[in-house]
There are 2 protein chains.
Amino acid sequence: MSVTLHDVARVAGVSIKTVSNVINAYPHIRPATKERVEAAIAELGYTPNLTARSLRSGRSGAIALAVPDLGLAYFAELAASVIEAAEAAGLVVLVEQTGGDRERELELLRSPRLKMTDGLIFSALGMSEADVASLSVGFPLVLLGERIFGGPTDHVTMRNVEAARAATEYLISSGRRRIAVVGAHEGEVVGSAALRMQGYLEALEAHGIAYDDSLIGYTTLWHRSNGARSMTELLEREVPFDAVFGLNDTLALGAMRVLQVSGRRVPEDVAVMGFDDLDEAGYSIPSLTTVDPGRAWIAKTAVATLVERIAGGDVVGPPRLRLADFRIAERESAALAVAR
Amino acid sequence: MSVTLHDVARVAGVSIKTVSNVINAYPHIRPATKERVEAAIAELGYTPNLTARSLRSGRSGAIALAVPDLGLAYFAELAASVIEAAEAAGLVVLVEQTGGDRERELELLRSPRLKMTDGLIFSALGMSEADVASLSVGFPLVLLGERIFGGPTDHVTMRNVEAARAATEYLISSGRRRIAVVGAHEGEVVGSAALRMQGYLEALEAHGIAYDDSLIGYTTLWHRSNGARSMTELLEREVPFDAVFGLNDTLALGAMRVLQVSGRRVPEDVAVMGFDDLDEAGYSIPSLTTVDPGRAWIAKTAVATLVERIAGGDVVGPPRLRLADFRIAERESAALAVAR
DNA sequence: CGGGTACTCTACAACGTTGTAGTCGAGGGA
DNA sequence: TCCCTCGACTACAACGTTGTAGAGTACCCG
């Protein structure tokens, strides 16, 4: 069927090892031999069988990336960044979707589906601290996300608390005092929602603003519709507020829509702050002020960290935690100076 | 390092082939033997080496998906659907990004990077009919997109012309006559832009509406910013129009923003029609009326078609063209009955 | 001119798995 | 009783590649 080293060797009149040597740029080959081999390779259209190479070398040149769902803009953009970073490192990326479901996440870690990869970048959404033991797998693993801290693996993530605090303080600095939240998770203590809420609370406290639970919109998921529904509920409560902090951009955009439909002006009546800095945040009406949590850096660093672990072999250091820098992407929806 | 059949065989006191037989559910094994082997597998935590299995069998259980960019919502949602369909078929998916660049697309087809996969689902954006010969590769390949027709491979795509015509007629049926277009590609004769323009033209002609080039906004890319810029140019021309057909949702949303900033009401003053039915189309302000081109069906069918080719081996039939059904997703931005 | 060394190339084994061809014994039919 | 079949298992080769060890030749230095 396909052309192998044997075929090339036969045509070139050399041993297969010599062909292999030519391909792998082994230095001690006579130019004449090299030419003959290269001619044979070109003539037959030989390409190396990566599977065989992988079996021999123990490396596949592929890594796996597990995310909840590529339909979620944040994870799509994260995956794009990871694939780009991996390509720069000469790796291809196998993408798995877990649906953010704990069972499927655990199963993915156990299953041999990704045994053909050299390692895994894992964005967990359903697992919690209780599942930390499941992360002790026999292959290089870099964890993303904020469900689990202090686990046995390298972990690359964002500064959720600090960034959410900065975002909230940004709103406060523009004179807002009644800051609603959309996307909190009831009773949750781990995960992005909890951490961002913590940052929100720290900012309130630092500025002597009392916490008001009636300003908090709880959701289960972080889809646009959840943001919209949550904002509808907030409006029905008829508690006054002059700003909304969407715990991610998608929620914020959903909420912003409802605000506008209800007749509120953004940012004049209500300022809106997001979190994620999706591509889309720059093009909404008004454009969305949000937190850029350093997604590109996270992707690049996750790949680099995984590559280090893969190359390290038995040289295993302690698990590392690497945190991205963030910045506030200042746009229209929470402009500092507006006529009110 | 890792546990192999040899290790299991030693522990169970049988030959490696027997272990292999147990794993592959070979029927003629004594229950006692089977139990012993299974105990050894459990004890050692053996998982099969997929690379070796793949080398032996010639199948990897992985397929590749090449798209321009996961940062583009359409392709992210397409990839999500493909991965889901592939998982249902027991396959994993390796995702490549080409950037929509012709050179990188051609290189991807030539390179051995995906030699470890069983086949490729390829969404070409930069290639054109002239490159059709490059599609004659030695592995199963299913083409998506509308850059190339009549190529040597199976092709799954949408009914661009019919769908664009239906979308335009939808606008016409609501009384619009001056229908602007955003996203046309200057002088292009292949690709989504050209096909959708053709549908637009057919609709105009069928209803006796004269074509007016001053209503056409040309762009090179289909990003939100291109839609916005193109609409800005249209407004500067000061030609009247009562509807806009964005050749995809992203363009339409970008254009809609500029329309609204300029003071036009949507859909009262200007109706807006998109194409793609992104998740997002349901949540914009106003929600976007658009064409659902059958993305989920395309993904499922592409995987099924590829699986057939992979299983077919040497039984190669003629290339097949499979077209998805479309529908108009009726929402607010082009509501049929509005006060004007 | 002898001995070492560098160069060029080859044979063989191995990576972990599975297909093929067997071995060996038990059981059944004639 | 003999032959044949079938069940249970094993030995070996092969998938395509690369590392290791080594063979053979040419060359340089003393």
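Note on naming: letters A, B, ... go to the chains in the order of the sequence lines (proteins, then strands), and numbering restarts at 1 for each one.
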Whole angstrom value for the distance that separates [atom2] of [N] from [atom1] of [X]:
| X | N | atom1 | atom2 | result |
| --- | --- | --- | --- | --- |
| A/Leu55 | C/dA14 | CG | C1' | 9 Å |
| A/Lys34 | C/dC7 | NZ | C1' | 15 Å |
| B/Asp7 | C/dC15 | CG | P | 11 Å |
| B/Leu44 | C/dG16 | CG | C1' | 15 Å |
| A/Ile16 | D/dC15 | CD1 | P | 11 Å |
| B/Ile23 | C/dG19 | CD1 | P | 12 Å |
| B/Arg53 | C/dT17 | CZ | C1' | 8 Å |
| B/Met116 | D/dG16 | CE | C1' | 14 Å |

Which nucleotide in the set [options] lies at the smallest distance from any side-chain heavy atom of [X]?
| X | options | value |
| --- | --- | --- |
| B/Thr33 | C/dC7, C/dT17, D/dA8 | D/dA8 |
| B/Pro48 | C/dC9, C/dT17, D/dT18 | C/dT17 |
| A/Arg30 | D/dC15, C/dT8, D/dG7 | C/dT8 |
| B/Ser15 | C/dT17, D/dT17, D/dT10 | D/dT10 |
| A/Ala52 | D/dT10, D/dG16, C/dT17 | D/dG16 |
| B/Lys17 | C/dA11, D/dA11, D/dC9 | D/dA11 |

Problem - Over 12 foreign heavy atoms within 6.0 Å of CD, A/Glu146 - result: yes
Across the strands shown, which category fits [X] at heavy-atom distances under 4.0 angstrom: base, sugar-phosphate, nothing?
| X | value |
| --- | --- |
| A/Thr18 | base |
| A/Asn21 | base |
| A/Ile29 | sugar-phosphate |
| A/Tyr26 | base |
| B/Ser20 | base |

Problem - Base D/dT18 to side chain A/Arg56, donor-acceptor N/O within 3.5 Å cut-off - result: yes
Problem - A/Asn49 side chain near A/Leu5 side chain, heavy-atom distance below 4.5 Å - result: no
Handout entry: B/Ile29 vs B/Val22 side-chain heavy atoms within contact, under 4.5 Å
Key = yes
Problem - Nearest heavy atoms of B/Leu70 and A/Ala79, plus distance in Å - result: CD1-CB, 3.8 Å
Exercise for the section: Establish, from distance only, whether the side-chain atoms of B/Ser54 and B/Thr51 form a donor-acceptor pair under 3.5 Å. Expected result: no
